Number of protein chains: 2
Amino acid sequence: MTSKLPPLSSLRVFEAAARHGSFTRASEELGMTQAAVSYQMKILEERVGTALFLRKPRQVSLTETGRRIAPVITEAFELLRSAFVMAEDSSQRLLSITAVTTFAASFLAERMGSFQIKHDDLAVRLDTSLPLVDFTREEFDVGIRSGGGSWDGLESHFLIPCDFTPLVNPELAESIGGIHQPSDLLKLPLVGISDPWWRSWFEAVGLPTDDLKCRQKSGMMLQLLEARAAEAGQGVAILTPAFFRDSLKRGTLMQPFDKLCRDEGYGYWLAYPKARRNVPKIKKFREWLLAEIKEFNAREEVIIQEMRDSGQLISL
Amino acid sequence: MTSKLPPLSSLRVFEAAARHGSFTRASEELGMTQAAVSYQMKILEERVGTALFLRKPRQVSLTETGRRIAPVITEAFELLRSAFVMAEDSSQRLLSITAVTTFAASFLAERMGSFQIKHDDLAVRLDTSLPLVDFTREEFDVGIRSGGGSWDGLESHFLIPCDFTPLVNPELAESIGGIHQPSDLLKLPLVGISDPWWRSWFEAVGLPTDDLKCRQKSGMMLQLLEARAAEAGQGVAILTPAFFRDSLKRGTLMQPFDKLCRDEGYGYWLAYPKARRNVPKIKKFREWLLAEIKEFNAREEVIIQEMRDSGQLISL
DNA sequence: CATAATGCATAAAATCTCCTTATGTATAGT
DNA sequence: ACTATACATAAGGAGATTTTATGCATTATG
């Protein structure tokens, strides 16, 4: 039923040759030699079983059959071309981001606007529902992940480290007469008590951790919930303060100590398939994001310095 | 301007894979291995810069982009296919014959009708204006030529030999008291006096040929004119009697002697490009023509025998 | 729940296609 | 006649495509 097509390469050559009425001219357009065009046309004619060109003295001209199919072939190739213009267009117009919730909510949410303004030709889809996207299975362009930053087939750029320190609602802190040393924290409920970050942090400040049971998974995914709980005064949470500058500034959260712990080697990363590193929309996003991160880090330094200077942070 | 197309072979594969939603199924349709399909899709996606399929557990599905271009690609391929169906159709529907005038006028003219009836799906173009067609330069399917039967790149089938003998208008013959021996012919004007056939024939019957000047070219092309002249009583012509059975039967021409000369190895041939021997319309024509020739030869034998028997032919 | 079957990916090796180079032929223009 | 143009052809090689063989993940089955 599906009548077999002639070699497609010969069709492309035919299309050009028919359009120019000249093998030489066609070869120039296609960037190949005249001999190659001649060869391809021979192949094609043999395959079709009919002459498509008449070899006149110093030129070729289409036969009846050739004249009949030429416009159809040309149209078909124009369709193909248009398909790929479409493909580029459509695939360039939508940037799909999958990001871990915390990062999306605290970092991206307030900054995507600037990206949209800068690249108003790009629509953005930001999805936080999937934990660790496999780019070959899900249709995303880039991902923001937490982890070690080394994934198979993926290019990754370090964004920010997983720093953490206890944050607490100031009123809650006041209710126990303020927090002056780490052990004061134990007077309050610990939000996310099974988060391994707690153990790390307590160990780092020299407190016993025997009665802390750690869950397997890091609480990074849950930071947002824990932060809300802490803001609501339900206890102390162990969080990445950089993500909660707003709350810290507003005063719904405070950071008692300057002691930050860090998951060494772990952090937030931008990641995308290596092979697609030069796709324009990905390039645009990468450049924008890394610039934002740079600015973000610079600001963090300033803020932390200010907090130290103003005595808001108890240095341990 | 002409945005470069991805490898066309990969497009064909994509078209099938998209249609089936399965690499394995596509590979079956295309008669290649599943690995090849997988490879081609990888190539294509790299080239386009976007995933076209999502690799789900036990199946693949089109991405947004893939879904967008798939129907366009399919349409393009359908166009291509249709072009070649058209090509076959159109090239199969018209049979172009180039034939030497004599053969066309005397043999084909009265028989083409039977061919048309037998193959009423075929239109026929019969052209006698070109002497020795080069099939690479002129758009003909088959040719009927006279000559040795060995042409470069052409398949050829012997049709009938170049027999010749003098023919004359019976009334003209009567005007000199009838023709009883070859030398009687000399009493009449010889039409086409410079035709080399005259020399051959006179030599064959033992008459001196000193005063005959021969032209280079055989008169085969001119037989028709000479025949008309002879019929009109303007002289004796040297002709292929098989071509003039009508006139002989009607009595506008008569053949005085049974002595036929023959250009050995020369004759009328059916010829066409070797490569096209299996093209249906050519096959049809060949088979029809060879059958007609067979029948024609059988009839000739009968006619000649009858003429001998009835004493119309003087045996030399 | 273990096992088989299905569907795709990948690596290595074998082909095979297609292109180039080099040359030949025919023709048109000078 | 001579030169330039346009196409054809042959040989050789580079590269693309395909196959084979295998692995992996998932679904279906006993």
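It should be emphasised that the depicted structure is a prediction, and the values quoted were computed from it without experimental measurement. Residue numbers start from 1 in every chain, and the chains themselves are labelled A, B, ... in the order their sequence lines are given, proteins ahead of strands.
As rounded to whole Å, 10 Å separates atom P of dT20(C) from atom CG of L30(A). Put simply, CG on L52(A) is 15 Å from P on dC7(D), counting in whole angstrom units. As rounded to whole Å, 14 Å separates atom C1' of dT17(C) from atom CE of M32(B). Atom P of nucleotide dA11(C) and atom CD of Q34(B) are separated by 14 Å, given to the nearest angstrom. Distance F23(A) CZ to dC19(C) P: 14 Å, rounded to the nearest Å. Between the CE atom of M41(A) and the P atom of dT9(D) there is a distance of 14 Å, rounded to whole Å. Rounded to a whole Å, the CZ atom of R25(A) is 12 Å from the C1' atom of dC7(D). What separates CZ of R47(A) from P of dC18(C) is a distance of 11 Å, to the nearest Å.
E15(A) and T74(A) are linked by a side-chain donor-acceptor pair at a separation below 3.5 angstrom, with hydrogens and angles left out of the test.
Residue-to-nucleotide proximity on DNA chain C shows that, of S10(A) and G21(B), the 5′-proximal contact is made by G21(B). Residue-to-nucleotide proximity on DNA chain C shows that, of K56(A) and R12(A), the 5′-proximal contact is made by R12(A).
Between dC7(D), dC8(C), dT20(C), one nucleotide has an atom nearer to the side chain of V60(B) than all others, and that is dC8(C). Here dT17(D) is the nucleotide among dT19(D), dA9(C), dT17(D) with the atom lying nearest to any side-chain atom of Y39(B).
The side chain of K42(B) contributes an N or O atom lying less than 4.0 Å from OP1 or OP2 of dT10(C). Between Q59(A) and dC7(D), a side-chain N or O to OP1/OP2 separation shorter than 4.0 Å is absent. Between R55(B) and the phosphate of dG7(C), there is no side-chain N or O to OP1/OP2 separation shorter than 4.0 Å. Contact annotation: S38(B) does not reach the phosphate of dC8(C) (side-chain N/O to OP1 or OP2, under 4.0 Å). Look at Q40(B) and you'll find a side-chain N or O under 4.0 angstrom from OP1 or OP2 of dT18(D). In this model, the phosphate group of dT27(C) is approached by a side-chain N or O of R137(B) to a distance below 4.0 Å at OP1 or OP2. Between T24(A) and the phosphate of dA6(D), there is no side-chain N or O to OP1/OP2 separation shorter than 4.0 Å.
Between E45(A) and R55(A), at least one side-chain nitrogen of the basic residue sits less than 4.0 Å from a carboxylate oxygen of the acidic one, meeting the salt-bridge criterion.
Judged purely by atom type and a 3.5 angstrom limit, E155(B) has no side-chain atom pairing as donor or acceptor with the backbone of R277(B). Between the side chain of R47(B) and the backbone N or O of L5(B) there is at least one donor-acceptor pair closer than 3.5 Å.
Contacts of V37(B) with the nucleic acid, taken as non-hydrogen atoms under 4.0 Å apart, are absent.
Side chains of R276(A) and D141(A) form a contact here, defined as non-hydrogen atoms less than 4.5 Å apart.
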